[in-house]
Amino acid sequence: MPLALAQLQDLRDRISDRLRPWSRSAQFWVRAADIYTSYKVCQLREGFVKDEDEREAMWEQQHELGAQKMYSLCSELGGLFLKAAQILGKPDLAPMAWVKRLVTLCDQAPATPFDVVRDVVEKQFGKNFDDIFEFFDVEPVGSASIAQVHRARLKLSKTDVAVKVQHPGAEHLMMVDIRNMQAMALFLQKYDINFDLFSATKEMEKQICYEFDFVREARAMERIREFLRVTNKKPPVMVPRVIPGMVSREVLVMEFIKGTPIMNLGNEMAKRGIDPGGKVAAMAKQKILSDLTLAYGQMILKDGFFHADPHPGNILICKDTEVALLDYGQVKEMPEDLRLAYANLVVAMADDDFLRAEESFRELGIRTWAISDNKLEELFQLSLRMFDTRLPPGVTVMSPFADDSSLNKIGVESFPEELFSVLRTIQLLRGLTVGMGLTFSCAKHWRPIAEEALLKAGRQSASKSRRQNRSFLRRLFW
């Protein structure tokens, strides 16, 4: 009888595993359709309301409702939707009501039980768990969509380490999620948004597959750590050191870096008697952002190989405002021609060079179609919204998809998949800039690095481009 019961339970489990993707897809589409429809109804109702204050109040109420529904979708389904929450939970991409709800989901994925973690570690390393660790905190430091991290101490070397362990079964469910998101992207870009969203989801699919290979992540971490070391007298950010011989596809052991998550920086300053809105705090924030921006400028423009996931949960502030950059599951290597084309765009944005920006868009393979008569200016404004962190005076939110966005005047027909990691990185850096209350242009800070990359490749100098631009304007207006 016990054997028969065990066999029955095994059959139930197998049927449940087979049905789970279908059930998950059904839950997604029911919830997504509900959110989408509620916004469309609000959009329709808006046409019958003449009072501007009443319309604004109506949209605020809709955003609150939509935020709660999106929070429920992301938190209850988890997986890839927690990553979606990281992307959407920023003031330059979503309404503030959404930001306040979704930002709380950072590192809030359900944790894998400790006995399962123990089994995964022993299976991956082929050793007894207690022979590896002198101490292992059963409560994870953080749990995300793909893996969770525990603090531990190695038995032989007495080294404090961070142990990253994959959630079993997460990869299969994420592939189900990405297919659903791709279908949704095709629908939205056909009926609502003048942007190639499908290519974004294709790049996301590629990156997610990479994230499940911790051996690849360890190599990426060591490559970036060494690059920043040889490029600078003192690296602008700290990169964890991989523990040799303690890496497998599902488990990664690295040095433990102690610090304050950047999201908690204001609270930590207040605890130490520093006014988060004062001059001392502003100087510290400026240094943090400058160091982080320098590291990204060097990675993207100098090497072409960069950390592509600088959301707040991956950034720690350590002693003396040193910045530590964590989690190298998402990295990107740009082709040489794309790296140089992007360097050209950086110089164009830094110099407010409209013609050079248009030239760079063509070189990058971004195909656009004009809805506006003033195409050159709108194209330049679109480049700033997409690829720079600066904000106009008095503006705290600048979304590519806002009503006044250049996307409503310049449609993006085709966007290279390889560029989405750069785009996402810039959007995340802008979110940090806004969150710190600073005005900061990464293009202006990156200009010397971009110019150096172009000159090294034998490309024309920025000064030559500006002379050509002035000559063009003289011919045009005189």
Side-chain angles (χ1 to χ4, degrees), residues 30-75 81 84-106 184-185 187-195 197 263 266 276-277 312 370-374 377-378 380-386 388-412 426-428 430-440:
V30 167
R31 292 170 186 240
D34 181 31
I35 295 169
Y36 178 81
T37 304
S38 69
Y39 270 92
K40 283 306 202 183
V41 169
C42 187
Q43 192 177 49
L44 183 65
R45 287 173 53 211
E46 182 189 27
F48 297 96
V49 179
K50 294 182 179 180
D51 184 74
E52 186 175 344
D53 291 338
E54 190 177 342
R55 285 202 303 268
E56 187 174 337
M58 187 173 68
W59 275 111
E60 284 183 8
Q61 185 179 9
Q62 172 58 36
H63 290 325
E64 290 289 346
L65 179 64
Q68 179 56 47
K69 290 179 178 179
M70 182 58 75
Y71 176 87
S72 297
L73 186 156
C74 294
S75 61
F81 301 109
Q86 290 174 0
I87 296 171
L88 290 173
K90 295 170 57 269
D92 53 350
L93 282 182
M96 191 51 66
W98 285 47
V99 175
K100 289 177 180 177
R101 294 293 287 161
L102 297 182
V103 76
T104 62
L105 289 174
C106 185
M184 189 71 180
F187 175 82
L188 289 174
Q189 74 183 43
K190 183 175 182 180
Y191 295 105
D192 289 281
I193 298 175
N194 297 320
F195 194 83
L197 293 175
M263 291 182 297
I371 311 170
S372 167
D373 294 334
N374 194 9
E377 182 178 350
E378 291 299 340
F380 182 77
Q381 292 303 321
L382 181 62
S383 71
L384 294 183
R385 286 177 182 266
M386 295 169 69
D388 196 8
T389 56
R390 82 174 85 168
L391 294 170
V395 175
T396 57
V397 176
M398 189 169 72
S399 168
F401 306 110
D403 291 339
D404 63 344
S405 170
S406 296
L407 274 181
N408 292 321
K409 302 166 186 175
I410 299 287
V412 179
I426 299 299
Q427 299 300 315
L428 289 168
R430 182 189 290 155
L432 290 173
T433 303
V434 173
M436 289 183 174
L438 299 175
T439 301
F440 199 88

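Worth knowing before you read on, the calculation uses all heavy atoms, side chains too, and leaves out hydrogens, waters and symmetry mates.
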Keeping Arg430 on the side-chain end and Arg385 on the backbone end, is there a donor-acceptor pair under 3.5 Å?
yes
Here the pair of heavy atoms bringing Arg101 nearest to Ala67 is CG-CB, 3.9 Å
I'd like to check the ring-ring contact (aromatic ring centres under 6.0 Å, His included) partners of Tyr71; sequence neighbours left out, ordered by chain and number.
none
All heavy atoms of Pro312 vs all of Leu432, minimum pair found to be CG-CD2, 4.1 Å
Asp388 versus Ile426, closest heavy-atom pair with distance:
N-CG2, 3.6 Å
If you look only at distance, which donor and acceptor atoms sit under 3.5 Å apart when one is on a side chain in residues 32-39 and the other is two or more places apart or in another chain?
| unit_1 | atom_1 | unit_2 | atom_2 | d |
| --- | --- | --- | --- | --- |
| Asp34 | OD1 | Lys69 | NZ | 3.2 |
| Asp34 | OD2 | Lys69 | NZ | 3.1 |
| Tyr36 | OH | Asp192 | OD2 | 2.7 |
| Thr37 | OG1 | Ala33 | O | 2.6 |
| Ser38 | OG | Asp34 | O | 3.4 |
| Ser38 | OG | Ile35 | O | 2.7 |
| Ser38 | OG | Gln62 | NE2 | 2.9 |
| Tyr39 | OH | His63 | ND1 | 2.9 |
| Tyr39 | OH | Trp98 | NE1 | 2.9 |

Quick check: does any side chain N or O of Glu46 sit under 3.5 Å from a backbone N or O of Glu56, one acting as donor and the other as acceptor?
no
Reported CZ-to-CE distance for the pair Phe187 and Met184, which is rounded to 0.5 angstrom
6.5 Å
Restricting to non-hydrogen atoms, name the atom on Phe440 and the atom on Thr389 that form the minimum distance, rounded to 0.1 Å.
O-OG1, 2.6 Å
Has the side chain of Arg55 got a donor or acceptor atom that lies under 3.5 Å from a matching backbone atom of Lys50?
yes
Does any N or O in the side chain of Arg31 come within less than 3.5 Å of the main-chain N or O of Met70, such that one atom is a donor and the other an acceptor?
no
List for me each residue that meets side-chain contact (heavy atoms from CB on, under 4.5 Å) alongside Asp51, sequence neighbours excluded, and say none if there are none.
Asp53, Glu54
Sub-4.5 Å side-chain heavy-atom contact between Gln43 and Trp59:
yes
Shortest non-hydrogen contact from Gly266 to Pro276?
O-CG, 3.6 Å
Is it the case that over 12 heavy atoms from other parts of the model lie below 6.0 angstrom from the CD atom of Gln68?
yes
Restricting to non-hydrogen atoms, name the atom on Leu197 and the atom on Ala185 that form the minimum distance, rounded to 0.1 Å.
CB-CB, 3.8 Å
